[in-house]
Amino acid sequence: MLWLLFLTLLLLGSSIAGTPAPDPENELVGIVGGHSAPQGKWPWQVSLRIYVYHWASWTHICGGSLIHPQWVLTAAHCISRKDADPSAYRIHAGNVYLYGGKALLNVSRVIVHPKYVTAFLGYDLALLQLSKAVDNTAYIRPVRLPSASLDITPEHQCWVTGWGAIGMHQSLPPPYRLQQVNVQVVENEVCNQHYHKASGHVSDDSTLIQPDMLCAGSEGQDSCYGDSGGPLVCRVSGSWSLVGIVSWGYGCALRDIPGVYTRVTTYVPWITKQIGTCL
Ligand code: ARG
């Protein structure tokens with residue numbers, strides 16, 4: 001149980017992407033093990049902001065994905081509470097630079113999955129409705145949702161993107177350019193075994209990796225703190241599909257400890273229902 005507490009602390013600690021002084025000795029690589037993303041390659045990637053009085057600025061707390069001109073999909077754990085005030089959030093879209101000077105978009109509605117309690121139990125997703133629909137441009141465009149029946153395997157070509165930490169103790173340095181990394185999907189059963197080993201509970205057969213979760217990543221290639229809510233996309237018959245939402249993990253990019261994502265296919269019916277009734 002202690003390790004769960006440890007995970008929780010990590011998760012909580014990750015909510016604010018800190019901005020300590022950059023270390024010029026270190027090359028700009030990351031999410032963890034990634035590279036700077038070309039402008040316009042991941043046009044659905046957005047940054048979720050809250051106002052931090054201490055810095056007098058709208059500060060990045062999580063990633064998110066545009067899935068419709070007026071809707072952003074993110075992680076439930078990025079939202080402070082189920083009845084969160086939409087006016088407490090802003091969305092930044094259309095720029096690989098986190099503080100690229102683009103206008104922030106207002107949020108008019110927040111829908112946290114009603115069964116969400118904590119990321120470790122699943123249901124880690126939330127929808128944000130934008131006050132105004134965005135126009136498609138070269139740099140802003142929604143990603144497609146997978147079909148609910150899509151089976152994601154380790155053979156899929158998958159990438160995760162974000163402005164999160166580039167190492168367990170290293171946040172992304174200025175100018176905060178979006179990072180991308182190719183990650184391999186790990187089957188739930190295998191991932192569950194890895195997490196049991198990591199927690200020292202090898203003999204108990206509880207399910208740590210729920211069916212609505214999906215694992216991806218390997219030693220040196222993973223998402224990390226501050227990437228939460230952001231997209232894991234896989235190539236499906238020639239186009240990118242939003243397959244996962246960055247949710248949680250034990251540390252980042254450790255050997256045999258993949259990152260854990262919300263499995264989007266599970267929630268496609270729920271998502272389309274929410275969006276459909278609000279149009
Ligand atoms: N919970 C983290 C966040 O809030 C995401 C952690 C992902 N960890 C991982 N090893 N993939 O940003």
Side-chain angles (χ1 to χ4, degrees), residues 3-19 30-34 45-50 52 59-65 72-80 84 89 98 112 116-126 158-172 176 178-186 188 191-192 194-195 197-199 208-210 213-234 243-264:
W3 72 277
L4 252 188
L5 178 70
F6 180 57
L7 280 175
T8 311
L9 289 176
L10 276 179
L11 193 86
L12 285 177
S14 69
S15 298
I16 306 269
T19 49
I31 238 189
V32 178
Q45 171 86 53
V46 303
S47 153
L48 175 63
R49 310 287 177 88
I50 57 165
V52 176
T59 305
H60 171 87
I61 53 162
C62 272
S65 308
V72 166
L73 184 63
T74 188
H77 83 259
C78 293
I79 307 296
S80 57
Y89 298 93
L98 189 54
V112 176
Y116 169 77
V117 179
T118 159
F120 312 115
L121 298 177
Y123 306 100
D124 191 11
L125 74 165
C158 304
W159 291 75
V160 58
T161 48
W163 289 279
I166 58 171
M168 277 206 317
H169 308 286
Q170 214 180 350
S171 53
L172 179 66
Y176 312 113
L178 183 66
Q179 299 291 302
Q180 60 179 37
V181 69
N182 187 197
V183 284
Q184 191 173 28
V185 168
V186 177
N188 276 36
C191 189
N192 198 52
H194 286 324
Y195 270 89
K197 265 187 217 137
S199 68
L208 299 174
I209 306 302
Q210 303 299 330
M213 299 174 185
L214 179 149
C215 298
S218 54
E219 185 173 11
Q221 280 159 301
D222 193 5
S223 47
C224 200
Y225 318 128
D227 290 321
S228 275
L232 171 73
V233 292
C234 303
V243 155
I245 304 168
V246 180
S247 180
W248 61 279
Y250 177 76
C252 303
L254 297 173
R255 185 168 173 197
D256 286 339
I257 319 243
V260 185
Y261 297 77
T262 304
R263 189 180 283 272
V264 174

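The figures here come from the full heavy-atom set of this structure, side chains too, leaving out hydrogens, waters and symmetry mates. What you see is a predicted model, and the numbers here were worked out from it, not measured in a lab. Note that ligands are numbered from 1 as they come in the structure, with each ligand's atoms numbered from 1 the same way.
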Of the listed options (Val246, Leu232, Val260), which comes nearest to atom 7 (C) of ligand 1 when hydrogens are ignored and any heavy atom counts?
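Checking each option, the heavy atom nearest atom 7 (C) of ligand 1 is found in Val246.
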Counting heavy atoms only, which of Gly162, Ser228, Cys252 is nearest atom 3 (C) of ligand 1?
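Selected option, by shortest heavy-atom distance: Ser228.
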Polar proximity ligand 1 side, [X] side, N/O cut 3.5 Å exclusive:
X: Gly251; value: yes
X: Tyr250; value: no
X: Cys62; value: no
X: Ser247; value: yes
X: Asp222; value: yes

Counting from 1, what ligand 1 atoms have a heavy atom of [X] closer than 4.0 Å?
X: Asp227; value: 12 (O)
X: Tyr225; value: 12 (O)
X: Gly226; value: 3 (C), 12 (O)

Backbone, side chain, both or neither: what part of Ile257 comes under 4.0 angstrom of ligand 1, heavy atoms only?
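Neither; nothing of Ile257 gets under 4.0 Å from ligand 1.
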Between Ala253 and ligand 1, which part of the residue brings a heavy atom under 4.0 Å of the ligand: side chain, backbone, both or neither?
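For Ala253, no heavy atom sits under 4.0 Å from ligand 1.
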Compare every heavy atom of Trp248 with every heavy atom of Leu208, then report the nearest pair and how far apart it is.
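The pair with the smallest heavy-atom distance is O-CZ2, 4.0 Å.
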Looking only at heavy atoms, what is the nearest atom pair of Trp163 and Asp227, with distance?
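Smallest interatomic distance, heavy atoms only, reads N-OD1, 3.4 Å.
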Worked check of side chain to side chain contact (heavy atoms under 4.5 Å, CB included) between Tyr261 and Ile245
CA-CA 5 Å; Tyr261 297 77; Ile245 304 168; 5.8 Å; no
Side chain to side chain contact (heavy atoms under 4.5 Å, CB included) between Val72 and Leu48: does it pass, once the steps are laid out?
CA-CA 9 Å; Val72 166; Leu48 175 63; over 6 Å; no
So Thr161 and Val233, side chain to side chain contact (heavy atoms under 4.5 Å, CB included) or not? Walk me through it.
CA-CA 9 Å; Thr161 48; Val233 292; over 6 Å; no
Let me see the working for His77 and Ser228 under side chain to side chain contact (heavy atoms under 4.5 Å, CB included), right down to the final yes or no.
CA-CA 8 Å; His77 83 259; Ser228 275; 2.9 Å; yes
With a 4.5 Å heavy-atom cut-off, do Ser171 and Tyr176 have their side chains touching?
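Ser171 does not reach Tyr176 side chain to side chain.
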With heavy-atom distances below 4.5 Å as the criterion, would you say the side chains of Tyr116 and Leu125 are in contact?
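A side-chain contact is absent here, since even the closest heavy-atom pair is not under 4.5 Å.
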